[in-house]
Participant: 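The following block contains the structure, expressed as structure tokens.
We number each residue from 1, following the sequence as shown. Values reported hereafter were calculated over all heavy atoms of this structure, with side chains retained and with hydrogens, waters and symmetry mates removed.
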Amino acid sequence: MLEDWFRKASGLSAISFPALRQSFGSADYVDGFTLFDVGGNRYRIAAVVHYDKQRMYVRQVMTHAECDRNDWRKK
């Protein structure tokens with residue numbers, strides 16, 4: 001499941017968050033991070049996306065419960 005997300009994200013060419021949501025409909029934007037649901041919402045990936053450079057930096061891969069605790073925002 002993470003490999004599928006990585007494959008899809010690697011081939012993505014989005015110029016904005018709304019364009020990214022066309023490929024990842026469940027993505028959310030929270031405090032400068034894009035959150036992706038993976039594995040039927042079992043896992044979440046927090047990433048920073050630089051649309052102008054076509055780069056994505058993964059900050060953390062976590063379970064949905066870990067994401068809800070918001071510890072990933074404090075690092």
Participant: Is the shortest heavy-atom distance from the side chain of Ser26 to the side chain of Asn41 under 4.5 Å?
Facilitator: no
Participant: For residues Val30 and Val48: do they belong to one hydrophobic cluster (side chain heavy atoms under 4.5 Å, members Ile, Leu, Val, Met, Phe, Trp, Tyr)?
Facilitator: yes
Participant: Nearest 0.5 Å, please: how far is CG in Asp28 from CG in Asp37?
Facilitator: 6.5 Å
Participant: Determine the sole option in Met56, Arg44, Lys8 for which the side-chain contact (heavy atoms from CB on, under 4.5 Å) test with Phe36 is passed.
Facilitator: Met56
Participant: Quick check for you: to the nearest 0.5 Å, what is the distance between Met62 atom CE and Leu35 atom CG?
Facilitator: 6.0 Å
Participant: Tell me whether Tyr51 at atom OH has more than 12 heavy atoms from other residues, nucleotides or ligands lying less than 6.0 Å away.
Facilitator: yes
Participant: Are any of the side-chain heavy atoms of Leu20 and Thr34 separated by less than 4.5 Å?
Facilitator: yes
Participant: Are Val49 and Phe17 side-chain neighbours, meaning at least one heavy-atom pair lies under 4.5 Å?
Facilitator: no
Participant: Can you tell me if Arg42 uses its side chain to pair, donor with acceptor, with the backbone of His64 under 3.5 Å?
Facilitator: no
Participant: Can you find a heavy atom in the side chain of Trp5 that is under 4.5 Å from one in the side chain of Phe24?
Facilitator: yes
Participant: Mind checking the OG-CZ spacing from Ser16 to Arg21? Nearest 0.5 Å is all I need.
Facilitator: 11.5 Å
Participant: Answer yes or no: is there a side-chain heavy-atom contact under 4.5 Å between Val61 and Val38?
Facilitator: no
Participant: Please examine the side chains of Met1 and Tyr43, heavy atoms only from C-beta on, and report whether any two atoms are closer than 4.5 Å.
Facilitator: yes
Participant: Starting from Leu2, can I reach Phe33 by hopping between I/L/V/M/F/W/Y residues whose side chains sit under 4.5 Å apart?
Facilitator: no
